[in-house]
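Input: a single structure, listed below in structure tokens.
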Amino acid sequence: MKKLRVLTGVTPSGVPHLGNYVGAIRPAIQASLNPEVESFLFLSDYHALIKCHEPDKVHASTQAVAATWLACGLDPERTTFYRQSDVPEVMELNWILTCNTAKGLMNRAHAYKAAVQDNAEKGQEDPDHGVEMGLFCYPMLMTADILLFNADKVPVGRDQIQHLEMARDIAGRFNHRYKPLFTLPEAQVDEQVETLLGLDGRKMSKSYGNTIPLFETEKKLQKAVNKIVTNLKEPGEPKQPNESPLFDIYKAFASQEETAEFTQMLAEGLAWGEAKKMLAAKINLELADKRERFAELTAQPAIIEDILQAGAEKARSQAQPLLAQVREAVGIRPLK
Ligand code: AMP
């Protein structure tokens with residue numbers, strides 16, 4: 001039976017935090033173990049250029065994100081793990097698709113529309129003020145990423161559903177105009193994905209500055225956990241789970257029984273300070289080995305590079321036959 005192809009892109013934008021681990025890395029690695037699935041996971045470094053124009057940051061983030069996924073248990077034997085920029089076929093397909101996509105379709109993309117609206121709200125006369133072509137064409141590149149591997153499913157957040165619809169539109173137009181070569185990909189929106197709360201109780205996010213680092217030292221982890229907001233209840237006073245985000249974070253790392261026990265202890269007056277020690281210990285239990293592996297990989301980036309190169313070779317061997325058909329279909333052929 002043909003395996004289901006699942007493709008996920010991860011933009012290297014800074015060092016991943018605990019929210020990325022719980023909401024993206026842990027479930028994706030778990031899903032990659034499904035024997036009925038053929039999984040592709042890539043570092044979308046060309047996408048990173050849309051928002052980041054600091055070369056050293058792009059480079060460092062790529063290394064940090066690759067090391068994080070590998071340290072968390074991504075198996076490059078089971079998953080085709082590659083860096084987007086190592087697969088030039090992506091760019092070639094990107095152009096061919098660009099020549100077969102209505103500009104109006106891109107005009108409707110959320111990210112571009114948001115930039116235009118922002119300009120209008122600021123009284124800017126030029127609606128495209130500050131908009132670079134990378135932002136405008138981003139759904140196009142995402143389409144090439146997906147179609148090049150004829151992915152069946154693409155796990156995405158709700159905000160990305162529109163881009164998957166665009167990818168289907170573009171694939172459909174190509175198939176109709178030339179030859180049915182592309183699978184119409186489907187968005188896979190996981191309603192179960194956990195949203196981890198940050199230190200202040202809002203969603204953990206770099207932009208809120210409320211994150212807990214994933215692979216800092218044990219001491220720094222405890223320090224970060226100590227900053228989680230609580231109320232002023234004294235030790236001995238009963239406490240409810242909803243009185244501090246620390247409960248939800250604990251839950252993301254504990255079994256059901258452990259969570260029930262923790263709830264009971266809080267109700268019996270566990271001090272917030274003690275609860276924070278328990279939380280840091282729980283997180284540490286899951287992350288200690290991974291942190292060590294992350295440090296090893298970070299100290300030897302050549303190991304990561306070798307893994308990525310091997311992944312690119314695997315990805316290219318999948319991409320090249322399809323791209324050859326695409327070139328043939330559009331009339332880019334040898335003269336004989
Ligand atoms: P970002 O760092 O916002 O680009 O997110 C990268 C991935 O991590 C996406 O799949 C997000 O849905 C996921 N993610 C980011 N923050 C959180 C959070 N606080 N809880 C759960 N998942 C998150």
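Read the numbers this way: they start at 1 and go in the same order the structure lists the ligands and their atoms. Note that this is a predicted model, so its numbers are computed, not measured.
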Mark whether atom 21 (C) of ligand 1 lies under 4.0 angstrom from at least one protein heavy atom.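 It does: a protein heavy atom is found less than 4.0 Å away from atom 21 (C) of ligand 1.
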Nearest protein heavy-atom contact for [atom]: which residue, which atom, what distance?
| atom | answer |
| --- | --- |
| atom 12 (O) of ligand 1 | K203 NZ, 4.9 Å |
| atom 10 (O) of ligand 1 | A24 CB, 3.5 Å |
| atom 23 (C) of ligand 1 | G19 O, 3.3 Å |
| atom 15 (C) of ligand 1 | N20 ND2, 3.2 Å |
| atom 16 (N) of ligand 1 | M204 O, 3.5 Å |
| atom 4 (O) of ligand 1 | S13 OG, 4.6 Å |

Do other residues, nucleotides or ligands put more than 12 heavy atoms under 6.0 Å from [X] [atom1]?
| X | atom1 | value |
| --- | --- | --- |
| D118 | CG | yes |
| K2 | NZ | yes |
| K233 | NZ | yes |
| H176 | NE2 | no |

Quick one: closest heavy-atom pair of L197 and I249, and the distance?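 That closest heavy-atom pairing would be O-CD1, 3.4 Å.
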Return the minimal non-hydrogen interatomic distance between I228 and S244, and the atom names on each side.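 Smallest heavy-atom distance, with atoms named: CG2-OG, 3.8 Å.
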Does one side chain, of D45 or S85, offer a donor that lies under 3.5 Å from an acceptor on the other?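 There is such a pair between these side chains.
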Which ligand 1 atoms, with their elements, are less than 4.0 angstrom from a heavy-atom of [X]?
| X | answer |
| --- | --- |
| H17 | 16 (N) |
| L196 | 18 (C), 19 (N), 20 (N), 21 (C) |
| G23 | 21 (C), 22 (N) |
| T195 | 20 (N), 21 (C) |

Hey, is ligand 1 close enough to V22 that some N/O pair sits below 3.5 Å?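 The answer is no, given that V22 and ligand 1 share no N or O pair closer than 3.5 Å.
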Do we get R173 above Y178's six-membered ring, with its NZ or CZ under 6.0 Å from the centre and within 45° of the axis? no
